[in-house]
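Numbers here are sequence positions counted from 1. All values reported here derive from a predicted model rather than from experimental measurement.
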Amino acid sequence: MLKKWFHRNSADFRLINDLVVPMLFLQILQLLFQLGDQAIIGRLGVEEFAAVGIASSFIFLITGTIGILCAAFNIIGGRFFGNNDIPKFGQAFNTSMTMSIMIGILFELLLLGTGRWILGTVYDLNFAPATHYLYISGMTMGMNMVLFNFSAYFKNINQAKLLTFSFAAAGIVNIFFDYVLVFGKWGFPALGMSGAAVGSVAGYGASIIVCIYFFRKSSLFSFSLQINWPIAKQLLKLYFPMALQDLIEYTLFAMGIMAIISRMDSEFIASYTVVTTLLEIIMIPMYCFAGSCMTITAQAYGKQQAGYTKYSYLSLQLMLMISIPLTLIVISFSYPLIAIITDKAVVISLVEHVLPLALALNLMNGLQMIMRSTLQAIDLEKWVLVYSGVVYAVSLVIIYICIRKLELTGVYLGFGVSYLLLSLGYVYKLQGREPYAHAKTLSR
C-alpha cells in the first residue's frame with residue numbers, strides 16, 4: 001500500500017523534495033552553528049545567557065514581522081513565475097528588496113532610540129550589556145530581510161541548494177568572531193555579549209556577499225533599487241494581513257510569553273531558552289515543508305493548476321515521516337544535547353524534565369504551519385488573520401494560568417492547546433476547497 005501511495009504521488013514528491021532537501025540541509029547546518037553560538041554564550045554565566053536569550057528573542061520577533069514582506073514576495077513572485085512572467089517576477093524582486101532595505105534601516109534607527117526602554121519596561125531587564133547587545137544585533141533585522149528575499153528568489157527558480165553555501169559562510173564567520181570576541185582570543189578584545197552581537201552581524205554580512213555572487217551568476221534579470229508601485233500595492237495588500245497574523249503569533253503572543261517568563265528566576269529563563277533551542281531541531285523539517293508548500297502552491301495557484309491544495313497534505317505526510325523519528329532521537333539523546341548548550345546543573349535538570357512533553361506537543365505545530373502556509377498562498381490570508389488572532393488571545397490566558405500552576409511544564413501544555421486549536425481550524429477551512437478542483441481565475 002505504501003509503495004502504491006508513493007508511486008501514485010511520485011511526481012509531486014519529487015517537486016516537493018527538490019525544494020525541501022536543500023532547505024533541510026540548510027536548516028541543519030544553520031542549527032549546528034546556532035548550537036555552537038549558544039554553547040559559547042552559555043559559558044558567560046546564567047545571567048548573561050538569559051539576557052542574550054531575551055534580547056535575541058526580541059530581535060527575532062521584530063525580524064519575523066517585518067520580514068513577512070519577503071514572504072509576500074515569495075507568493076506574488078511565485079504566481080508570476082508560475083505564469084512564466086519573468087519581467088514581472090524581476091520587478092517584484094527589485095521592489096521587495098528595495099522596500100526591505102529601507103525598512104531595515106528605519107527599524108535599526110527606531111531600536112537605537114527605544115531599545116533601552118523596551119528591555120526595561122517590557123522585559124524588566126535593566127542590564128547594560130543586554131542593551132549594547134540589542135543595539136548591535138539590531139543591524140541583523142535589515143540584513144535578514146535581504147537574505148529572505150534572496151531565499152525566496154532561489155526557491156522560486158528551483159535553486160535552493162545555493163543557499164547552503166550562503167549560510168555555511170554565515171555560520172563559519174559567526175562562530176569564529178563569537179569565539180574570539182566573546183572571550184578575547186588571539187589578540188582580539190574580550191567584548192562579552194557585545195562580541196556575540198558583532199559575530200552575528202559579520203556572519204550575516206558574509207551570507208549576503210555569497211548570495212549576491214550567485215544571484216549575479218544565475219539571475220534572469222538585473223537588480224536595481226526601484227519600486228514598481230502596482231506590484232508594491234500587491235505586496236502590501238498581501239503583507240498587511242500576513243504581517244498582522246505574524247505580529248499576533250510571533251510578536252505579541254511571544255512577547256506576552258516572554259514578559260511572563262522574564263519575571264521568573266534566571267534558571268527558569270535559561271531553561272526556557274535551552275528548550276527553545278532544542279525545539280529548533282524538530283522545527284527543521286516543519287519550516288522546510290511549510291516554506292516549500294507555500295512556494296509550490298502559489299506557483300500552482302498562479303497558473304490555475306488543478307489540485308493546487310494537494311501539496312499541503314503530501315507535505316504534511318512527508319513531514320511527519322521525518323519529524324516523528326527525529327523527535328524520538330532527540331528525546332533519547334537529550335542529556336548530551338543539553339550539555340552542549342549549557343553546563344549549569346540546575347538548568348540541565350529543568351530542561352530534562354520538560355523536554356519530552358515539549359517535543360511531543362510541538363509536532364502539532366508542524367501541522368498548523370503547513371496548513372497556514374497553504375491558506376495564505378491561495379488568498380485566504382485574511383481568514384487566517386482573524387482565526388489565529390482569536391486562538392492566540394485565548395491561548396495566552398490559558399498559558400498564563402498553566403505557568404502559575406505548573407511552572408515550566410505549563411508553558412508547553414499551553415502551547416499544545418494553541419497548536420491543536422489552530423490545526424483544527426486550518427484543516428476545516430481547507431476541507432472546503434476541493435483538492436483537485438480548478439483554481440479560480442486570478443485577476444492580478
Side-chain angles (χ1 to χ4, degrees), residues 57-58 60-69 71-72 74-75 122-123 236-263 272 276 279 283 286-287 289-291 293-294 297-298 301 309 312-313 315-316 319 357-358 360-406 409-433:
S57 294
F58 176 76
F60 173 78
L61 296 176
I62 300 300
T63 301
T65 299
I66 62 178
I68 292 300
L69 177 67
N74 189 30
I75 294 174
V122 178
Y123 296 109
L236 292 175
K237 183 180 178 181
L238 184 59
Y239 167 78
F240 283 114
M242 290 179 65
L244 286 174
Q245 189 277 330
D246 189 85
L247 178 68
I248 292 170
E249 179 176 356
Y250 292 112
T251 303
L252 298 180
F253 178 71
M255 284 179 68
I257 298 299
M258 288 303 299
I260 297 170
I261 291 176
S262 64
R263 285 164 172 78
Y272 177 80
T276 300
L279 281 176
M283 296 296 290
M286 298 176 187
Y287 288 132
F289 282 105
C293 185
M294 174 180 283
T297 302
Y301 188 67
T309 63
S312 60
Y313 302 102
S315 296
L316 174 62
M319 183 273 292
L357 176 66
L361 292 175
N362 194 59
L363 289 172
M364 287 188 293
N365 194 16
L367 169 59
Q368 70 89 14
M369 287 171 61
I370 290 173
M371 296 302 168
R372 181 193 67 208
S373 297
T374 303
L375 291 171
Q376 290 173 332
I378 59 174
D379 283 330
L380 289 174
E381 67 278 351
K382 292 181 180 178
W383 184 90
V384 171
L385 167 63
V386 174
Y387 179 73
S388 64
V390 173
V391 170
Y392 283 118
V394 173
S395 298
L396 192 59
V397 176
I398 294 174
I399 291 172
Y400 177 76
I401 296 172
C402 289
I403 289 177
R404 291 177 64 88
K405 298 292 184 180
L406 301 171
T409 300
V411 176
Y412 300 102
L413 285 175
F415 284 159
V417 172
S418 176
Y419 300 148
L420 177 62
L421 293 175
L422 290 170
S423 298
L424 291 175
Y426 295 159
V427 170
Y428 174 79
K429 188 65 175 179
L430 276 177
Q431 291 301 313
R433 297 263 171 162

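- Here the OH atom belonging to Y239 is positioned 7.5 Å from the CD1 atom belonging to I68, to the nearest 0.5 angstrom.
- Residues Q376 and M294 have side chains in contact (heavy-atom distance under 4.5 Å, counting atoms from C-beta outward).
- In this structure, CG in L316 is found 5.5 Å from CG in L367, a value given to the nearest 0.5 Å.
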Begin with the C-alpha distance, continue with both residues' side-chain angles, and end with the deciding distance and a verdict on side-chain contact (heavy atoms from CB on, under 4.5 Å) for L406 and V411. CA-CA 8 Å; L406 301 171; V411 176; over 6 Å; no

What's the verdict on side-chain contact (heavy atoms from CB on, under 4.5 Å) for I378 and L430, showing C-alpha distance, side-chain angles and the deciding distance? CA-CA 10 Å; I378 59 174; L430 276 177; 4.3 Å; yes

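- Among all heavy-atom pairs drawn from Y426 and L375, the shortest one is CD2-CD1, 3.7 Å.
- Looking at heavy atoms from C-beta onward, V427 lies out of side-chain contact with Q368 at the 4.5 angstrom threshold.
- In plain terms, the two heavy atoms of M364 and S423 that are nearest each other are O-OG, 3.3 Å.
- Relative orientation of the Y412 and F415 rings is perpendicular, given thresholds of 30° and 60° on the angle between their planes.
- The distance from the CG atom of L396 to the CD1 atom of I401 is 10.5 Å, given to the nearest 0.5 Å.
- When all heavy atoms of Y272 and T276 are compared, the pair lying nearest together is O-OG1, 2.8 Å.
- One N or O on the side chain of S388 and one on the backbone of L385 form a donor-acceptor pair closer than 3.5 Å.
- Using a 4.5 Å cut-off on side-chain heavy atoms (C-beta onward), E381 and I75 make no contact.
- Separation of atoms CG (L420) and CG (N365) is listed at 12.0 Å; rounding is to 0.5 Å.
- Under the side-chain hydrogen bond (donor to acceptor under 3.5 Å, both in side chains) criterion, Y392 pairs with E249, sequence neighbours left out.
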Step by step, would you call Y313 with M371 a side-chain contact (heavy atoms from CB on, under 4.5 Å)? CA-CA 8 Å; Y313 302 102; M371 296 302 168; 4.1 Å; yes

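- To the nearest 0.5 Å, atom CZ of residue F253 and atom CD1 of residue I257 are 4.5 Å apart.
- The structure places NZ of K237 at 6.0 Å from NZ of K382, a figure rounded to the nearest 0.5 Å.
- In terms of the side chain to side chain contact (heavy atoms under 4.5 Å, CB included) criterion, residue partners of I398 (sequence neighbours excluded) are, by chain and number, V394, C402, V417.
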Under the side-chain contact (heavy atoms from CB on, under 4.5 Å) criterion, do M283 and M369 qualify, and how do the steps go? CA-CA 10 Å; M283 296 296 290; M369 287 171 61; 3.5 Å; yes

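- A distance-only check finds a donor-acceptor pair linking the side chain of T374 to the backbone of I370 [under 3.5 Å].
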